[in-house]
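These notes concern the structure reproduced below.
Proteins get letters first, then strands, A, B, ... in listed order; numbering begins at 1 in each.
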Protein chains: 2
Amino acid sequence: MRVDAQRNYDRIVEVAREVFREQGYDASLDEVAKRAGVGPGTLYRHFPKRDDLLDAMMRSWMDRVDEAAEKALATEGPPRDLLVAWLRAYVALISLHKGGPAKITSALDDSGSPIASKCRTLTGATDKVVERLAAAGALRPGVDAVTICRLVGGVAVVADQGDLPESTVFPLLEVMADGMLR
Amino acid sequence: MRVDAQRNYDRIVEVAREVFREQGYDASLDEVAKRAGVGPGTLYRHFPKRDDLLDAMMRSWMDRVDEAAEKALATEGPPRDLLVAWLRAYVALISLHKGGPAKITSALDDSGSPIASKCRTLTGATDKVVERLAAAGALRPGVDAVTICRLVGGVAVVADQGDLPESTVFPLLEVMADGMLR
DNA sequence: ACCTGAACACCGTTCAAGT
DNA sequence: ACCTGAACACCGTTCAAGT
C-alpha cells in the first residue's frame, strides 16, 4: 500500500471512531470523508461497505475484550458474581457507540458478516466464563455461550436505544444471571 | 373530516400495514403514498411523523394484546407455564413487522412517544400476568412488569434483527422465565 | 495505483398552486 | 379544507478524469 493511501486509511478509521462516538453508527459517511479530508470515493475504495469500516475500527477493541474476560475470570467469590461481572463488561464492550449493540448482536448469527471475527472473539471470551461456571456445576443445563451473548446482547440493544442508565440495566442483568444459573 | 380525507386516511393506513409487513418499519413513505394513490404531502398532512402512522396502524392491534393476555391467563398448570405462554405471545405481538420490536421497546421509556398508549397497553397486560404470579408467590422479588417488558423486548429485537427461528427464540425465553421466577 | 469531486439515485419534507 | 406534485435537502454510491 502506498504511503499516502496508508495515511488516508488511518485517518479515515481515526475520524470514523470519533464521528461514530458522537453521532452513532448511522452517521453520514460523507461527514467522515469530509473530516478526514478525503473524497467520498476514497472512503469507498478502502471500505466498500459500512461494516468494513466498523471492522477496521474494532481491531484494537478485540484486545480489550480479552482483557475484560481475564479480569472477570479473576473475580473472587461465588460463580454468580463472576457471571454478573462478565455480563456488565460485555454490555460496556459492545456499547461503544449508538447502534453498536444491534450491529454486533445481529452479526452473531451471520458468519458471512465483515465483523464475524469480532463476534467470535466475544463468544470465545464468553465461552471461557461458561467453562468456569460449568466446572463449578453452577450453570443451568442448555445454557451455552451463544445463548448468553444473545440474551445480554438484547439487553444492551434495549439499553442503547432507550438510553437507559446503569441503574436500570444492572437489575436486568441480575435477572438474566439468575436464569442462567441453577 | 371530509369524506375524501377520511378515505385517503384509511387507504394510507391500510397500505402502510401492507408495505411495512413486506419491507419492515423502515420502508419508504413515498412508496406508501404512491401505492395509496395520494401525493406525499397528503401523507404528511395526516401523519407528520413516521410514528404517527405506526400509531394509527396499531389501533386494532391493541385489542389483540388484551385477547392474548386473557388467553395466557387462562393457561392451566404451574405459574412457569403461564409466564412462558405470555412471553411467547408478547414476542409475537410486537414482531408484526421488521423494526417493530425495537420501536416499541424503545418507546417503553419515552412517555412522549406517539405510541406511548400502545406501550401502556402492553405493560398493563403484562402487569396482569405479574399480579397472578405474585399472588402465587412465584415471582422473584424486584421483578415488575416494565422489567419483564424490557427483557423480553430485548429478545424480540435480537430475534427480529437476526431473523432467528422460534426454535432459537423459545429457549431464550425459558432462561428469562427462570430468572424471573423464584 | 490512488485520489478527487461531479453526477446520479433515492428518499424525506415542504409549500405554492390548485380544487 | 384538502390535495397535488414540483422543488429542495441530504446522503449513499459510482465513475470519468486527473496525478
query = Is any side-chain N or O of A/His46 closer than 4.0 Å to OP1 or OP2 of C/dC2?
reply = no
ask   = A/Ser28 side chain N/O closer than 4.0 Å to the phosphate oxygens (OP1, OP2) of D/dC10?
value = no
message = Can you confirm whether B/Glu166 is buried at CD, in the sense that more than 12 heavy atoms of other residues, nucleotides or ligands lie under 6.0 Å from that atom?
response = no
request  = Could you tell me whether B/Arg35 and B/Glu22 make a salt bridge, using a distance below 4.0 angstrom between a side-chain N and a carboxylate O?
outcome  = yes
inquiry  = I'd like to know if B/Asp4 pairs up with B/Arg2 as an ion pair, taking the criterion as any Lys NZ or Arg NE/NH1/NH2 lying under 4.0 Å from an Asp or Glu carboxylate oxygen.
reply    = yes
request  = Please determine, for C/dT19, whether a Watson-Crick or G-U wobble partner exists with both distances under 3.5 Å, and give it or none.
outcome  = D/dA1
ask   = In the structure shown, which nucleotide is the Watson-Crick or G-U wobble counterpart of C/dA7, with both distances under 3.5 Å?
value = D/dT13
key: Polar side-chain atom of B/Arg140 near backbone of B/Gly179 as donor-acceptor pair, under 3.5 Å   = yes
Side chain A/Asp51, main chain A/Leu54, donor-acceptor under 3.5 Å = no
For [X] and [N], what is the distance between atoms [atom1] and [atom2] respectively, to the nearest whole Å?
| X | N | atom1 | atom2 | result |
| --- | --- | --- | --- | --- |
| B/Ile12 | D/dC2 | CD1 | C1' | 12 Å |
| B/Arg7 | D/dC3 | CZ | C1' | 11 Å |
| A/Lys34 | D/dG12 | NZ | P | 10 Å |
| B/Leu43 | C/dC15 | CG | P | 17 Å |
| B/Glu31 | C/dA9 | CD | C1' | 15 Å |
| A/Lys49 | D/dT14 | NZ | C1' | 17 Å |
| B/Arg45 | C/dG12 | CZ | C1' | 18 Å |
| A/Asp4 | D/dG18 | CG | C1' | 14 Å |

remark   = Note: for B/Arg2 and B/Pro48 on DNA chain C, the residue whose nearest nucleotide lies more 5' is B/Pro48
inquiry  = Quick check: on DNA chain C, is the nucleotide nearest A/Tyr9 upstream (toward 5') of the one nearest B/Asp30, or the reverse? Name the residue that is more 5'.
reply    = A/Tyr9
query = Between B/Tyr25 and B/His97, what is the ring plane arrangement, given parallel below 30°, perpendicular above 60°, and tilted in between?
reply = parallel
request  = For B/Ala33, report the nucleic acid contact type (base, sugar-phosphate, nothing); a contact means any heavy atom under 4.0 Å.
outcome  = nothing
note = Closest heavy-atom pair, A/Met57 versus A/Ala16, reported as atoms and distance to 0.1 Å, is SD-CB, 3.9 Å
Give me, pair by pair, the N or O atoms of the protein and of nucleotides 4-8 of chain C that are less than 3.5 Å apart, along with how far apart they are.
residue, atom, partner, partner atom, Å
C/dT4, OP2, A/Gly39, N, 3.0
C/dT4, OP2, A/Thr42, OG1, 2.8
C/dG5, O6, A/Gly41, N, 3.3

